[in-house]
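Remember, predicted model here, so these are calculated numbers, not experimental data. Any value given below was found using the heavy atoms of this structure, including those in side chains, with hydrogens, waters and symmetry copies removed. Proteins come first, then strands; the chains are lettered A, B, ... in the order of their sequence lines, and each starts at number 1.
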Protein chains: 2
Amino acid sequence: MDEMDAAMALVEKWRSQSRKGFLDLCALSLLASREESYGLDIMETLSRAGLEVSEGTLYPLLARMTREGSLASSWSTPETGHPRKYYRLSPTGQLVLAAMREEFERNAAALRRIEGGTR
Amino acid sequence: MDEMDAAMALVEKWRSQSRKGFLDLCALSLLASREESYGLDIMETLSRAGLEVSEGTLYPLLARMTREGSLASSWSTPETGHPRKYYRLSPTGQLVLAAMREEFERNAAALRRIEGGTR
DNA sequence: CCAAATATCTTGCTATGCAATACATAATAT
DNA sequence: ATATTATGTATTGCATAGCAAGATATTTGG
């Protein structure tokens, strides 16, 4: 299966491209249903939902969204345990999330129309 | 509405990121339901399905997928009308499309779980 | 005290979307 | 004839995100 291998290599490359932006939507969605959370916990939760995300992807993502104003962050240094940076959705983040969800749905609907063979 | 403007600017930036890869899936899906088509026709069809794609996006995309082997292309120079480059799905392209659809569905399902508030 | 686990951050590379621009040919109007 | 518009494809340059690899720091267990 030579053709199969070629196809799989292409899909692998495509895979990481197709996650651009999508991971933002996932992170915001998670924080919308959770009050607050920290990096590794977010990674584990996404993993349990079937989405493997590496640290080199998630931490820059959280830093960027905080810088942009969609997230707010604060350190927690408990008496026992590691210091953690907790993130939560800001008001701007809620607006952003709503718009992303709309756009995602619009795109999914467009894809269904395309698959259906619109002329 | 200052916060609204900030949010909309962010979403605008996110928008183009979130289309990365997604447009490959759309183009392949379209060609899977159509035998063959050419650049401007693909643009118009996507537009009718609710997906606006510019030339600077679509032509490089088609060139790349042809180079990679997911598409096959051939010029048509009819007696009347403009020369057009027609594209169609290759066998590799069909494998790639199937894998992309699977991955897209898997991601959509993960997002639904995340929205549902998985722990 | 050393190793493993927990937790976050950074660097460098690769790849795509897109505005802008360019180029060429066919049909239409003047 | 010739200028203009419409049709059709291609390229360049920039901005941006994903990700492997590696760095750093603290806590807990042997």
Show your reasoning for whether side-chain hydrogen bond (donor to acceptor under 3.5 Å, both in side chains) applies to Arg64(B) and Ser70(B). CA-CA 9 Å; Arg64(B) 169 175 49 87; Ser70(B) 291; over 6 Å; no

Just how far, in rounded Å, is [atom2] of [N] from [atom1] of [X]?
{"X": "Lys13(B)", "N": "dA19(C)", "atom1": "NZ", "atom2": "C1'", "value": "18 Å"}
{"X": "Met43(A)", "N": "dA7(C)", "atom1": "CE", "atom2": "C1'", "value": "11 Å"}
{"X": "Asp41(A)", "N": "dA7(C)", "atom1": "CG", "atom2": "C1'", "value": "12 Å"}
{"X": "Leu23(B)", "N": "dC18(C)", "atom1": "CG", "atom2": "C1'", "value": "11 Å"}
{"X": "Leu40(A)", "N": "dT8(C)", "atom1": "CG", "atom2": "P", "value": "5 Å"}

If we count only N and O atoms by modelled type, under 3.5 Å, do the side chains of Arg34(A) and Thr45(A) hold a donor and an acceptor together?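 Arg34(A) vs Thr45(A): donor-acceptor pair found between side chains.
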
Parallel under 30°, tilted from 30 to 60°, perpendicular over 60°: which one fits the rings of Phe104(B) and Phe22(B)?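 Aromatic pair Phe104(B)/Phe22(B) classed tilted.
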
Please give me every residue in residues 81-100 of chain B whose heavy atoms get under 4.0 Å of an atom in DNA chain D, ordered by residue number.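 Output list: His82(B), Pro83(B), Arg84(B), Lys85(B), Tyr87(B).
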
Name the nucleic acid region contacted by Gly56(B), choosing base, sugar-phosphate or nothing; use a 4.0 angstrom heavy-atom cut-off, strictly under.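 Gly56(B): base contact, heavy atoms under 4.0 Å.
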
Could you tell me whether Ser54(B) contacts a base, only the sugar-phosphate backbone, or nothing, with contacts defined as non-hydrogen atoms closer than 4.0 Å?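 Sugar-phosphate: the residue Ser54(B), judged by heavy atoms under 4.0 Å, touches backbone atoms but no base.
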
Position toward the 5' end of DNA chain D (nearest nucleotide), Phe22(A) or Gly39(B):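 Closest to the 5' end, via its nearest nucleotide, is Gly39(B).
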
Mapping Thr80(A) and Arg19(A) onto DNA chain D by nearest heavy atom, which one lands closer to the 5' end?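 On the 5' side of the pair lies Arg19(A).
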
State whether the side chain of Ser90(A) and the backbone N or O of Gly69(A) hold a donor-acceptor pair below 3.5 Å, judged by distance alone.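 Present.
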
Checking the side chain of Ser47(B) only, and the main-chain atoms of Met43(B) only, is there a donor and an acceptor separated by less than 3.5 Å?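 Answer holds: no.
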
For dG17(C), does either OP1 or OP2 sit under 4.0 Å from a side-chain N or O belonging to Ser16(B)?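 For dG17(C), OP1/OP2 do not have a side-chain N/O of Ser16(B) under 4.0 Å.
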
Carboxylate-amine/guanidinium proximity below 4.0 Å for Glu103(A) and Arg106(A):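 A salt bridge links Glu103(A) with Arg106(A).
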
Under a 4.5 Å cut-off applied to non-hydrogen side-chain atoms, are [X] and [Y] in contact?
{"X": "Leu28(B)", "Y": "Met65(B)", "result": "yes"}
{"X": "Arg101(A)", "Y": "Ser29(A)", "result": "yes"}
{"X": "Val53(B)", "Y": "Leu61(B)", "result": "no"}

Hey, where on DNA chain D does chain A first and last touch, going 5' to 3'? Cut-off is any atom under 4.0 Å from a heavy atom.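 On DNA chain D, the outermost contacted nucleotides are dA17(D) to dT28(D).
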
Show the nearest heavy-atom pair for residues Leu31(A) and Tyr87(A), with the distance to one decimal.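 That would be CD2-O, 3.4 Å.
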
What pair of heavy atoms forms the shortest contact from Ala49(B) to Ala110(A), and how long is it?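 It is O-CB, 3.4 Å.
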
Any residue in residues 59-77 of chain A with a heavy atom nearer than 4.0 angstrom to DNA chain C? Just list them by number, or reply none.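 Contacting residues: Tyr59(A), Pro60(A), Trp75(A).
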
